[in-house]
Amino acid sequence: MDPNSQQSGNMEEVKIFDPSILPPCLDQIDLAYSDSDVLSENHCVNEDHRMPSDPEGLLDSADPTSEESNQPQEPSSTDMQKLDIDDDRPLCAGGSETDSGKASEDSALVDNGQDDSSEFVVTVLARGKMEEQGMGMKGASSPLCDTPLGPPSHRNEDVTAESWRQHRKHVFVLSEAGKPIYSRYGSEEALSSTMGVMMALVSFVQSGDNIIRSVYSDEHTVVFMQRGPLVLVSVSSSRQSEQQLRNELLYVYNQIVSMLTQASITRIFEHKKNYDLRRLLAGSEKILDGLLDLVDSDPSLLLCAVHCLPLASSLRDSLSQILQKAITPNLVFSILIAKNQLLTIVQEKMVIDDARLEPADLHLLLNLIGASSAFQAGEIWTPICLPSFNPDCYFYAYISYLDPPECTVCLVLLSTDKEAFYSVAECKRKIEEAMQAQNALNAISKAHSYSVSQVGVSDLRHFMYKPFDVPDNHRQLTQFTSPEMEAPYGSEEEQTRLLDLYRDMHSRIHSTSRPLKLIYHVAERETLLAWVTSKFELYTCFSPLVTKTCAINAITKLLRWIKKEEDRLFIRYPPKYSTTPNPSKSSRDGH
Amino acid sequence: MLMISPRMASGMQEKQYTPSLLSFFIYNPKFGPREGEEEKKILFYHPIEIEKNEKIRNVGLCEAIVQFTRTFCPTKPAKSLHTQKNRQFFHEPEENFWMVMIVRNPMVEKPNKDGKPPTVEYQEEEIIDSVYGSVLQQCYSMYKLFNGTFSRAFEAGGVELLTQKLEKFFYRYLQTLHLQSCDLLDVFGGISFFPLDKMTYLKIQSFVNRVEESLSLIKYTAFLYNDQLIWSGLEQEDMRILYKYLTTSLFPRHTEPELAGRDSPLRPEVAGNLLHYGRFLTGPANLKDPDAKFRFPRIFVNTEDSYEELHLIVYKAMSAAVCFMVNSAVDLSREFCEQLDSMVGPHLTLLASDICEQYNVNRRISGPEKEPQFKFIYFNHMNLAEKSTIHMRKTASVSLTSVHPDLMKILGDINCDFARVDEDEEIIVKAMTDYWVVGKKSDQRELYVILNQKNANLIEVNEEVKRLCATQFNNIFFLD
C-alpha cells in the first residue's frame, strides 16, 4: 500500500510522490556538476553500444582505462569529499535531465520548481553545523567511505589465485552492458572479463525467449538475478537454496537502491547504457561488503525479522515516550538502536496506517550505519531510500550516537523534509536531555541478550522464534527472538555451521513448491526441529541424543517461557506519533 | 508432438503439462575447435530436425556454461543449468565427450478469454536435479552396455562410426525415456533381490556351477526370478545396468506372450516340447525353425579394465530367467543353442517350480495380511539392494506409484539432504497434506517411509517406523 493514498486528492500519479509525507525523488539538477561530465560521456554512447552477447565487446567496454580518463574530478581536497554519494546524486539526475523527453514524464518533477535547492545545500548545511560544533569529520571523508579503518580490503586480491576461488560466497553486480559495478572479492577491473561472460550468458539465454536462473556444479551454486538495468550474480559454495541466495541478491540490490533510488538507476541507464555506476557508488563498496557479511552471519536477514534487544517493558515504554515527545513536522520514524539491535521504533500515524517499515528496510538502514564508523563522529544528515517502502524516493536520515565514545546507542530520525536538519537535530537535543534526566543510557547499557540456560530446558542449545500472533499483527514490525550462541557454538566456525543448518531447514520448510509443516532432523552433532504454524515459526537445536519425547516437552516449555517473557523480548505495541497535522502543506512550510 | 502430454485438471480449463524431453545431444569440443567448424563438434542431436545454427548455438551455450563454472572450480564444472522454461543436464562420461539432456519444466496452460493465446506458467521448482542427472548417466551406461565406450568406437572407425552407433542407439532409446515418471528409484538405480532360503539358494548356485562347467564357453551367469536378482557373476556396476535393461525393456516385451495362454498364436513355443518350459528371450525364438537366426545381442562389460565384449543369452522358464554371457569372438551355433536348451530347459523348469513353492510357503507364513501397510523405499549402497512398496509396477513405459508425486519429490529432497553429509541421519517431515515422511540413513543404507496417519504426532510416527524396522529390517540398525 502506498503510504499517502489517504490524503492524496490527485489520485495515482501524485500519490507516490506526494511531497507532504514522502520526499520528492531526487532529480534536482545541480548545474554545477552536470555539464562537462555528461557531455563528455554522451558522445561515446554509440561506440560502446555493443551486442550484449559478445563477450569480447563487453570486455572492451568494460575496459577501465577508457573510463578512467573522464571520471568526474574526484575531489581530492578534503572539503569536497565529505558526502560524495550525495554530491554525485545530482550529477546523475543532471545526466538524465539532458535527455529531454523522458524527464518530463517523470512525476517526480511535479514539485521540481521549488526544489532546485538540491541535496548539496543540505549536506553542506549539515557539515557546517558539525564543524561549528567541532564534531567529527576530521579529514572530512565521507562517512560512507572511510576506507582506512576496518579490516584489510579484499579489493586487490589476485582473482586467479586458489584463495580467491576458495571464498564461500562471491557476489557480483554488473550493468546490462556488462560493466562491473561491484565484486565482493577482487577488483572489478580484474574481473571485468568474468563479468562480461556473466552478462553474455544472461543475454544469450534471453535471446532464446527464456531467462537464466542458476547453474549448479558439485562445488557451487551460481544464481543470476536481473533487476532493471542491473544484473546480480551470486557464486556460492554454501549450499544454500537458490531462493535464499536470490533473497540475498535482492538485499544487495536494495542496498544500492537505498543509496541511489530505483528511479535514478533506471534513468541513468536509459540515458547511457554503459554508464559506469561505480562513479556514483564510489566508497560504498564497504556498505555492500558489510551487508554481505551480515547476510552470512545474522539470521535476522534470513528470517526477514527484526531482533529486539530484550528490555524491561517499562524501560522500553519510557524510551518510546521520550521519542514520542520529541517531534517536528515531517518526522516519520524515530528509531533507537543499541548494540545493533532495536530498542524501540516510533512511527508517524499517517505512515503507519498505510504501510509499515519492512524489516528488510530496517536491516539496510542498520547496515548502512554499522558499515561506517564515521557515523560515530557526530551528526549525520543523509538522504536514504527505503526500497520496500518506496524504491523511488528518499527519506532524510539524521543519525547520531548518544553515547560517545563507546557508540553503542544510536538514534536515527527519518524525515521527509530535506531542509529539516535543524529541527530534527533539535529533536535529538530533546531526546538526549530526557534520557539524561531518566538516566536511560545507564539502564540501556545494562540490557543485553539472554542465555538459553534462562529457559531452563537442559537439552536445548539454541533456538529462533518468530511470532505471527503479536497484537495488531499486520501493522506490526516482524520480529524474532533468539538467545546468544553459546558453547558448543562459541566459535565463528561453529556458529556458521549452526546457521547453515537453520538455513537448510528454512529452505525446506518454506520451499515454494513443497512447503512443509515440520522438520525433525537427527544428525550426529545435534538434533534440530523446525516448526511452522499459523501463530509462529520456530527453529530449535538440541543435543544429538535428545529423544523425541524430550524434544517435544522442551518445546512446550520453551513456548511457555516465551509467552511469559514476551513483553521483554518483543515490542508489543508499536508506539505512534503525529507530526503532520496538516500534511498536504507541510513540505513547503520549511521554506 | 512427443513433448506434449496434456492432463486435464478437473473442473478447470487448465492444461497441465508434465516434464518432457526437449533435446538431447552429444558433442566433443575438440572435434571442431576452429571457428566455422562448430558443427563438427556435434556427434548426435535430437530432435534431428533442428536447424544447424540452432544446434551450434545450443552446444555453444553448454560449452560456455561449463567453461564459466571452471573459473570458480576448474575440476568441478557445471552439472545443470536452470532456466525459466527448462533444465539442462551436463554429463562428461568420457574425457571431452559431453552429453546434454534438456528437459522442459512442467507447465500449466491457462486459457484466456476473447481468443487471446493462453497464459503459460512454468513450474520451475518441480524437477529434482539428482533424479534427472541420474537419468542422463543411465543413458550413457545403457549405451555403453550395448556399444562400448565412445572413445573405442572413435578409435575403431572415427567420427563416422561413432555417430552411426549413437544415432542407431539413441534414436530408439530416447523414446523409452519416460521423464514424467522419474523419481528417487532412478537415483538409486538399485537391484531388487529375491528373498530366498539357504537351501534353494544353494540349489541355484549348484545349477549355475554345473551349467558353467558343462558349457565352458559361458563366462558369466546371472539368475533372476520374478524380475528379481538371485545370483550374478558380473561386476556390480555392469549388473546394475544389465538388470535395468532386463527388467524395464526385455522382460516386459515378453510378458505378453506368456500371459496369452498356451494355445494363443502369440505363444511362440512349440507344442511338441513338453519336457520343459524353457525358451530363449534373446536369439532364436524357435529352435525348431529351420530359418532360426542364432544372433544374440552383444554387451560390453568391465570397460574400465579388461573391456570384454560378450554375447548376451537370456533364457527363461516360467518365472526364472538366466543370463549366460559368452565371449563375442565365439560364433554361437545351432548346436550350442540346442545343447543349452536341452540341458538348461528341464533343470530350470524344475528349479522355477521349486522356487515358486518355496516362495508361496514363505508368503503363507508371514502372510500378506500380517504385513503392516507401510509404504517404503529401501536402498543399500553397498550391494545396490532396493526394495519399494510404493512402486506397483516398473516397466520401461510406466512406473506406477501408489503415492502423490509431491510426496515422491519430498523423498527426493530428503535424499539430497542425506547426500550432503556422510554421517548417519534421520529426517522426519510433515507435509502440508499432513502426510508424514520419514527418512533414515545408516551406514550406506537408506530407508524412506510414508505414513498417512494424519493425526499422528511425532512420537506416534516414531513408534510406527520402529515397528516397520522391527518387522522388515530387524537385523539392520537405524539411528533412533
Side-chain angles (χ1 to χ4, degrees), chain A residues 55 159-160 162 164-167 170 191 193-194 197-198 200-201 204-205 207-220 222-224 235 237 239 242-243 504-505 508-509 511-525 527-531 544 547-549 551-552, chain B residues 54 57-58 60-61 64-88 90 123-126 129 133 406-407 409-410 412-414 417 420-421 423-434 436-438 440 457-459 461-462 479-480:
Chain A
V159 302
T160 57
E162 189 54 31
W164 181 81
R165 293 196 197 107
Q166 291 291 321
H167 286 298
H170 288 273
L191 289 162
S193 70
T194 303
V197 171
M198 290 173 183
L201 293 174
F204 185 90
V205 174
S207 69
D209 193 25
N210 200 348
I211 305 164
I212 192 169
R213 302 286 195 217
S214 55
V215 176
Y216 287 79
S217 73
D218 282 339
E219 186 76 23
H220 290 105
V222 185
V223 174
F224 295 84
V235 179
S237 55
R239 307 211 199 191
E242 187 172 333
Q243 189 53 49
D504 287 350
M505 295 208 291
R508 286 285 182 232
I509 215 158
S511 151
T512 44
S513 52
R514 298 178 287 281
L516 302 169
K517 287 182 172 174
L518 181 142
I519 303 174
Y520 188 82
H521 186 165
V522 187
E524 280 187 354
R525 292 153 85 179
T527 289
L528 297 139
L529 188 145
W531 189 15
T547 64
K548 289 168 184 93
T549 319
I552 285 175
Chain B
E54 179 73 14
R57 270 171 60 89
N58 292 341
L61 175 65
I65 295 278
V66 164
Q67 206 49 46
F68 169 65
T69 44
R70 286 201 163 124
T71 321
F72 297 96
C73 184
T75 53
K76 290 175 185 161
K79 294 192 115 179
S80 71
L81 163 69
H82 297 199
T83 69
Q84 180 200 24
K85 295 184 177 172
N86 60 52
R87 291 264 175 109
Q88 313 198 358
F90 312 112
Q123 296 168 327
E124 299 185 38
E125 304 299 320
E126 294 300 317
D129 273 11
D406 278 353
L407 284 172
K409 284 174 192 154
I410 290 175
D413 290 339
I414 295 178
D417 290 344
R420 290 176 167 202
V421 202
E423 51 184 53
D424 290 1
E425 285 182 287
E426 178 182 25
I427 296 177
I428 303 178
V429 306
K430 190 183 193 189
M432 292 313 263
T433 49
D434 285 336
W436 289 87
V437 179
V438 180
K440 281 168 176 275
N457 64 34
L458 189 64
I459 294 161
V461 165
N462 194 43
L479 204 66
D480 186 27

Check the pair Leu201(A), Leu61(B) against side-chain contact (heavy atoms from CB on, under 4.5 Å), reporting the backbone distance first and the verdict last.
CA-CA 8 Å; Leu201(A) 293 174; Leu61(B) 175 65; 4.0 Å; yes
If you tally heavy-atom pairs under 4.5 Å between each of Arg239(A), Glu242(A), Arg508(A) and chain B, the highest tally belongs to Arg508(A)
Could you state the interatomic distance from CZ (Phe224(A)) to OG1 (Thr83(B)), rounded to the nearest 0.5 Å?
12.0 Å
Interatomic spacing from NZ in Lys430(B) to NZ in Lys517(A) - rounded to 0.5 Å:
5.0 Å
Report yes or no: is the cationic atom of Arg87(B) (NZ for Lys, CZ for Arg) under 6.0 Å from the centre of the six-membered ring of Tyr216(A), at an angle within 45° of the ring normal?
no
Is it the side chain or the backbone of Gln88(B) that comes within 4.5 Å of chain A heavy atoms, both, or neither?
neither
Any side-chain heavy atom of Arg420(B) sitting closer than 4.5 Å to one from Asp504(A)?
yes
Report which part of Trp531(A) has an atom under 4.5 Å of a heavy atom belonging to chain B: side chain, backbone, both, or neither.
neither
Partner chain A: residue of Glu54(B), Lys85(B), Gln67(B) with the largest heavy-atom pair count (under 4.5 Å)
Lys85(B)
Give a yes or no on this: more than 12 heavy atoms of other residues, nucleotides or ligands lie within 6.0 Å of atom NZ of Lys409(B).
yes
Side chain / backbone / both / neither for Asn457(B) at chain A, heavy atoms under 4.5 Å:
neither
Looking only at Asp417(B), Asp129(B), Val437(B), the option with the highest number of non-hydrogen pairs under 4.5 Å against chain A is Asp417(B)
For Thr69(B), is it the side chain, the backbone, both or neither that has a heavy atom under 4.5 Å from a heavy atom of chain A?
side chain
Contact summary for Ser217(A) and Pro77(B), nearest pair of heavy atoms
CB-O, 3.2 Å
Between Leu518(A), Thr547(A), Ile552(A), who has the most heavy-atom pairs with chain B when the cutoff is under 4.5 Å?
Leu518(A)
For Met198(A) against Phe72(B), the heavy-atom pair lying closest together
CE-CZ, 4.2 Å
Would you call Leu516(A) and Ile410(B) a side-chain contact if the rule is heavy atoms closer than 4.5 Å?
yes
Report the distance from atom OG1 of Thr71(B) to atom NE2 of His170(A), rounding to the nearest 0.5 Å.
10.0 Å
Drop me the distance from Gln166(A)'s CD to Cys73(B)'s SG, to the nearest 0.5 angstrom.
8.0 Å
Working for side-chain contact (heavy atoms from CB on, under 4.5 Å), residues Glu126(B) and Arg514(A):
CA-CA 9 Å; Glu126(B) 294 300 317; Arg514(A) 298 178 287 281; 4.2 Å; yes
Determine whether Lys440(B) and Val522(A) satisfy the following criterion, side-chain contact (heavy atoms from CB on, under 4.5 Å), listing intermediate values before the conclusion.
CA-CA 9 Å; Lys440(B) 281 168 176 275; Val522(A) 187; over 6 Å; no
What part of His167(A) lies closer than 4.5 angstrom to a heavy atom of chain B: side chain, backbone, both or neither?
neither
For Phe68(B) and Val222(A), run side-chain contact (heavy atoms from CB on, under 4.5 Å): C-alpha distance rounded to whole Å, both residues' side-chain angles, the deciding distance at 0.1 Å, then the answer.
CA-CA 10 Å; Phe68(B) 169 65; Val222(A) 185; 3.8 Å; yes
Part of Thr512(A) lying under 4.5 Å from any heavy atom of chain B
side chain
Most heavy-atom pairs under 4.5 Å with chain A, out of Leu81(B), Asp413(B), Val429(B), belong to Asp413(B)
Rounded to the nearest 0.5 Å, what's the gap from CG on Leu458(B) to NZ on Lys548(A)? Could you check?
6.5 Å
Residue pair Asn210(A) / Asn86(B), side-chain heavy-atom distance below 4.5 Å
yes
Interatomic distance, Glu426(B) atom CD to His521(A) atom NE2 [nearest 0.5 angstrom]
9.0 Å
In terms of heavy-atom pairs under 4.5 Å with chain B, the winner among Ile519(A), Asp218(A), Ile211(A), Val215(A) is Ile211(A)
Would you check if the side chain of Glu423(B) reaches a backbone N or O of Glu524(A) as a donor-acceptor pair within less than 3.5 Å?
yes
